[in-house]
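Here is the structure we will look at.
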Amino acid sequence: MSKRPWSSGHCSVRPAKPPSQPQQQHLYVLLDDWERGCSIYRVGEDDFSTDSDAYLETPSLARIEAQHPRSWSFTTHGTNILAVRPSEGSPAISGFDTKTMGVTVCPLPRSHGSILTPFYASVGDRLFVMVHPLFEVLGSQPPPDSKEPWSWSRINTELPFTPEYVTGYAFHPDGRNLFVSVKGWKPDDNARFLDHLQQSTYSFDTERLEFWYHGEWMLPFKGQARYDGELNAWIGLCRDGTGYVCSCDVPSRASCDTMPDWKVSKDKVFDHESMRHRVHGMQHILPGSVLCTQG
């Protein structure tokens, strides 16, 4: 007797599942419209396909107390928007989690209170902060039932530049290297202020905790650039042309001693005088607003 799967002779047809709808992406924008800090607004994809500014009149999701109007008073870490420059006397850094829509609190770094400009970089589950001469990292957030504190650790790597001279930066798609361009700062510590036109680019390996000097050239961006997988290039606001977007080839860390090829858009994409365009910028670039994260 042949052994075949038994069947009653009746067909059972299950209704096909409806195609899943792609989840709408949102941008979370901080506006300096509150005397004690900033308000967080969520902007949907549909809001960018219309000339209407109605979405700017919607109620804010939350408000965070922080010193302003400096855009570096805030940074992003994963899905969190953190007020890394809290009000004077604040015991901790407050934030807003765009995934849970809840409040986040993390400890202050040792460099808190410094008058120097900080430079924050979020890589995976770690948040790095550079405030010359301190270099610190915030580790993974402990689980809710953990008794271990969420804390910063000092990195014993000497900073080759002062963060206040940073003009642009971008994360390499390899997930571990951060490229940073600095103007007016030379590798020779004794000559760092002699030439304000000096241009330098470094990379930082977040695994080996080492800096690498790539020569006298600069990324074409103002502030942070983002990697575009389809173009295999970094995209950001152009530092030499206000209102224009530029792209730059992603270099190899092993062989990168000259500036990669780059291009500038033909059309101006935003105007500082327009409130609508003001919220279309990228993080830590436009006065009065900070584009923090998407999700």
Side-chain angles (χ1 to χ4, degrees), residues 27-28 71-72 74-78 81-82 84 117-130 135 137 157 159-185 187 198-265 269-270 280-286 290-295:
L27 298 178
Y28 293 85
S71 59
W72 42 261
F74 296 88
T75 194
T76 59
H77 182 42
I81 301 172
L82 301 176
V84 292
T117 302
F119 175 67
Y120 285 88
S122 176
V123 183
D125 58 356
R126 294 174 297 169
L127 178 63
F128 295 89
V129 60
M130 307 176 193
F135 191 7
V137 61
T157 300
L159 294 177
F161 55 84
T162 292
E164 61 187 286
Y165 289 88
V166 172
T167 59
Y169 63 101
F171 292 100
H172 198 278
D174 63 11
R176 61 183 286 174
N177 286 292
L178 170 68
F179 278 74
V180 182
S181 288
V182 185
K183 186 174 183 179
W185 186 274
Q198 172 72 23
Q199 300 181 353
S200 303
T201 293
Y202 302 83
S203 65
F204 175 65
D205 189 322
T206 60
E207 297 297 329
R208 302 180 63 179
L209 303 180
E210 295 178 350
F211 283 97
W212 188 268
Y213 180 65
H214 293 284
E216 297 184 9
W217 59 273
M218 290 174 59
L219 294 169
F221 309 111
K222 181 180 180 182
Q224 183 176 4
R226 313 280 179 169
Y227 175 70
D228 188 301
E230 294 184 3
L231 299 177
N232 190 29
W234 285 322
I235 307 294
L237 296 179
C238 186
R239 59 180 168 83
D240 292 329
T242 302
Y244 292 89
V245 169
C246 62
S247 66
C248 177
D249 290 347
V250 178
S252 168
R253 185 177 184 270
S255 57
C256 180
D257 54 3
T258 58
M259 185 175 181
D261 292 336
W262 64 289
K263 300 178 181 179
V264 181
S265 63
V269 297
F270 73 88
H280 283 207
M282 293 188 177
Q283 184 178 1
H284 294 186
I285 293 177
L286 303 180
V290 183
L291 174 63
C292 280
T293 186
Q294 63 179 24

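What you see is a predicted model, and the numbers here were worked out from it, not measured in a lab.
A heavy-atom distance below 4.5 Å is found between the side chains of Pro251 and Phe179. Residues Cys248 and Met259 form no side-chain contact, since every pair of their non-hydrogen atoms from C-beta on lies 4.5 Å or further apart. For the pair Val250/Pro173, a side-chain contact is recorded, criterion being any heavy-atom separation below 4.5 Å from C-beta on. Side-chain contact between Val245 and Leu237 is present, with at least one heavy-atom pair separated by less than 4.5 Å. Between Val123 and Phe171 the shortest side-chain heavy-atom distance falls below 4.5 Å. Counting heavy atoms from C-beta outward, Cys238 and Trp262 have side chains that approach closer than 4.5 Å. Residues Pro163 and Thr117 form no side-chain contact, since every pair of their non-hydrogen atoms from C-beta on lies 4.5 Å or further apart.
With rounding to the nearest 0.5 angstrom, the CG atom of Leu178 is 8.5 Å from the CD atom of Gln224. Distance CG/Leu82 to OG1/Thr76: 8.0 Å, rounded to 0.5 Å. A distance of 12.0 Å separates SG of Cys246 from NZ of Lys222, quoted to the nearest 0.5 Å. Here OG1 of Thr201 is found 4.0 Å from CH2 of Trp217. Values are rounded to the nearest 0.5 Å. Of the inter-residue distances, the one linking Glu216 atom CD with Asp257 atom CG reads 11.5 Å to the nearest 0.5 angstrom. Atom OH of residue Tyr227 and atom CD1 of residue Ile235 lie 10.5 Å apart, to the nearest 0.5 angstrom.
The shortest non-hydrogen separation linking Arg239 to Leu219 is NE-O, 2.7 Å. For Phe135 against Thr157, the heavy-atom pair with the smallest separation is CD2-O, 3.8 Å. Counting all heavy atoms, side chain and backbone alike, Tyr244 lies closest to Ser265 at CD2-O, 3.5 Å. When every heavy atom of His77 is checked against every heavy atom of Leu127, the shortest pair comes out as CE1-N, 3.7 Å.
Phe161 has its ring centre no less than 6.0 Å from the ring centre of Phe119.
In terms of modelled atom types and a separation under 3.5 Å, the side chain of Ser203 and the main chain of Asn177 share no donor-acceptor contact.
For Arg126, the CZ atom is densely surrounded, since the number of other residues' heavy atoms within 6.0 Å is greater than 12.
Using the six-membered ring where Trp is involved, His214 and Trp212 have ring planes that are tilted, between 30° and 60° apart. Between Phe211 and Tyr202, the angle of the ring planes goes over 60°, which puts this pair in the perpendicular group of the 30/60° scheme.
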Checking Leu209 against Phe128 for the side chain to side chain contact (heavy atoms under 4.5 Å, CB included) test, could you report, in this order, the C-alpha distance in whole Å, the side-chain angles of both residues, the deciding distance, and whether it holds? CA-CA 11 Å; Leu209 303 180; Phe128 295 89; 4.1 Å; yes
